[in-house]
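Just so it is clear, the structure is predicted and the values come from calculations on it, not from any experiment. Letters go in sequence order (proteins before strands), and every chain restarts at 1.
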Amino acid sequence: MGEEFQASKPIYMQIVDKINQQIIRGDLLPGNKLPSVREMAIQTGVNPNTIQRTYSELERMEIVETRRGQGTFVTENDNLIKELKVRLQMEIIEGFFNNMKELGFSDEEMLSGLEFYIKGKREKGYD
Amino acid sequence: MIEFQNVTKKYGREYGLNDVTYSLEKGKIYGLLGPNGSGKSTTLKLIAGLVHPTSGQVLVNGKLANRKIANEVAYLTELDMFYQPFKIKDMIDFYATQFQDFRIDRANELLQFMKLDKEKNIKQLSKGNRGRLKLVLALAREASVLLLDEPFSGLDPMVRDSIVKGLLSYIDFDNQIVIIATHEIDEIEPLLDEVLAIQDGKIIGRHNVEELREMEGLSIIEWMKRTFKE
């Protein structure tokens, strides 16, 4: 049934995250049209009022723009998409950093640990 | 809009509902949640005008809910209500004669959506397809209020999914109020705007689903476990 959502975060924000990921990965390209609110609701099994909120939030972030009578489109402003990419990257790094700090790792250990991990991955070939 | 004003409903000495006051507005999907015997079905029947309050009143779009309110309220019962010798198409024709707001073209579209064959005998339908047909009949009406009593109970995930998608595709979000009574909240939580928890004939909690997550970091299931702790 649709998809699973985490309990601790509003559903509209979880869909914002998902759309942002699609934009960063290039699954959604600048200028691409998003599904209508109703279509998106049906695809995800989510209340249209919630989807409306998702779209409003994305608009507030200036990641998408709604053109009257035409629909909602991914921004064609590359800088905004780059900013989004950096912001999401920083969020992930911050989470990693805080977790490692909490376990008592030093900055050097963190860096060498990450390097070691990436090296191992490379040797095996990614997936 | 639906208004309950100090509504009490007694069955003999037992309370179905006990002095309940609240209102519901159009454009929203409400979940009415509670254990068996909590007053969910009584609430829906009061709105549908099928039972009458012992005291207080129920208003639907400003009108007292009585037998005539059936013109404005579509009610999907939890019971099996089909006349066995009918074919699906007979059922559709029958509904069209009973409700002025029943749209046959819409019903046909819904049948296709639900992959139901008009020529099939009701008797031969699986439980899942009977569940689908019930929803077709409810959604083919242009009623301002849509009441669904346990629309998912006993149905497999595929059928549940088609029912959720059917609802999302065909509800008129500008004008309808939808109330889903269920004790199986899990999969439909993302569908709801608000939840009302009902127990022993009283509304013991009411929340906007997204606010609950934002303010308290709780899904409805977790909230219900707290609310129905007793």
Side-chain angles (χ1 to χ4, degrees), chain A residues 1-22 28 33-61 63-64 66-72 87-88 91-92 94-95 98-99 102, chain B residues 25-31 113 139 151-152 155-180 182 184-195 207-226:
Chain A
M1 168 120 21
E3 19 203 304
E4 298 290 322
F5 294 97
Q6 294 163 247
S8 53
K9 200 169 182 182
I11 293 168
Y12 87 94
M13 274 310 293
Q14 296 185 48
I15 302 173
V16 166
D17 291 346
K18 211 186 95 193
I19 292 173
N20 280 340
Q21 282 168 12
Q22 288 174 341
L28 275 171
K33 190 174 185 231
L34 295 182
S36 71
V37 168
R38 176 86 73 157
E39 283 161 12
M40 186 62 113
I42 296 166
Q43 275 176 29
T44 51
V46 169
N47 187 301
N49 293 325
T50 308
I51 303 290
Q52 187 54 58
R53 244 184 119 189
T54 296
Y55 282 19
S56 302
E57 178 65 15
L58 286 166
E59 259 176 65
R60 200 190 56 76
M61 297 166 76
I63 297 300
V64 304
T66 296
R67 296 177 208 150
R68 241 174 205 293
Q70 294 183 59
T72 302
R87 195 162 68 229
L88 291 191
E91 274 174 24
I92 292 168
E94 198 184 346
N98 290 338
N99 282 340
E102 223 160 90
Chain B
E25 51 192 285
K26 70 178 185 180
K28 287 194 173 170
I29 306 180
Y30 294 92
F113 181 91
L139 284 176
F152 305 103
L155 302 179
D156 67 49
M158 292 287 290
V159 182
R160 289 166 182 237
D161 194 49
S162 68
I163 288 179
V164 166
K165 294 218 150 73
L167 280 172
L168 285 168
S169 307
Y170 287 94
I171 291 173
D172 176 359
F173 279 95
D174 292 326
N175 299 306
Q176 275 186 316
I177 301 180
V178 181
I179 306 175
I180 304 174
T182 183
E184 293 165 285
I185 167 69
D186 206 355
E187 293 143 292
I188 62 153
E189 176 174 351
L191 197 63
L192 305 175
D193 287 286
E194 286 189 30
V195 286
H207 272 287
N208 176 290
V209 172
E210 289 282 79
E211 272 172 25
L212 201 57
R213 286 166 178 261
E214 262 168 299
M215 310 290 193
E216 309 193 30
L218 289 178
S219 68
I220 296 302
I221 302 267
E222 292 162 344
W223 173 70
M224 280 188 56
K225 278 185 196 148
R226 285 192 194 182

Heavy-atom pair count under 4.5 Å with chain A, highest-scoring of B/Ile171, B/Ile220, B/Leu167: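 Of the options given, most contacts go to B/Ile171.
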
Between B/Ile29, B/Leu212, B/Leu192, which residue shows the highest count of heavy-atom pairs closer than 4.5 Å to chain A?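 The answer is B/Leu192.
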
Is the closest side-chain heavy-atom distance between A/Tyr12 and B/Arg213 below 4.5 Å?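 Contact flag for A/Tyr12/B/Arg213 side chains = no.
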
Show the nearest heavy-atom pair for residues [X] and [Y], with the distance to one decimal.
{"X": "A/Ala7", "Y": "B/Ser219", "result": "CB-CB, 3.6 Å"}
{"X": "A/Ile42", "Y": "B/Ser169", "result": "CD1-OG, 3.2 Å"}
{"X": "A/Arg38", "Y": "B/Leu168", "result": "NH1-O, 2.8 Å"}
{"X": "A/Asn49", "Y": "B/Asp193", "result": "ND2-OD1, 2.9 Å"}
{"X": "B/Glu214", "Y": "A/Pro10", "result": "CG-CG, 3.1 Å"}

Given heavy-atom pairs under 4.5 angstrom as the criterion, report whether the side chain, backbone, both or neither of A/Gln52 touches chain B. neither

Check whether A/Glu39 gets within reach of chain B through its side chain, its backbone, both or neither, counting any heavy atom under 4.5 Å. neither

Kindly compute the distance separating CD1 (A/Ile11) from CG (B/Leu191), expressed to the nearest 0.5 Å.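 If we round to the nearest 0.5 Å, A/Ile11:CD1 and B/Leu191:CG are 10.0 Å apart.
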
Mind checking what makes side-chain hydrogen bond (donor to acceptor under 3.5 Å, both in side chains) contact with B/Asn175, not counting sequence neighbours?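 By the side-chain hydrogen bond (donor to acceptor under 3.5 Å, both in side chains) rule, B/Asn175 matches B/Asp172.
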
Counting heavy-atom pairs under 4.5 Å to chain B, which of A/Met13, A/Arg53, A/Gln6 comes out on top?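 That would be A/Arg53.
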
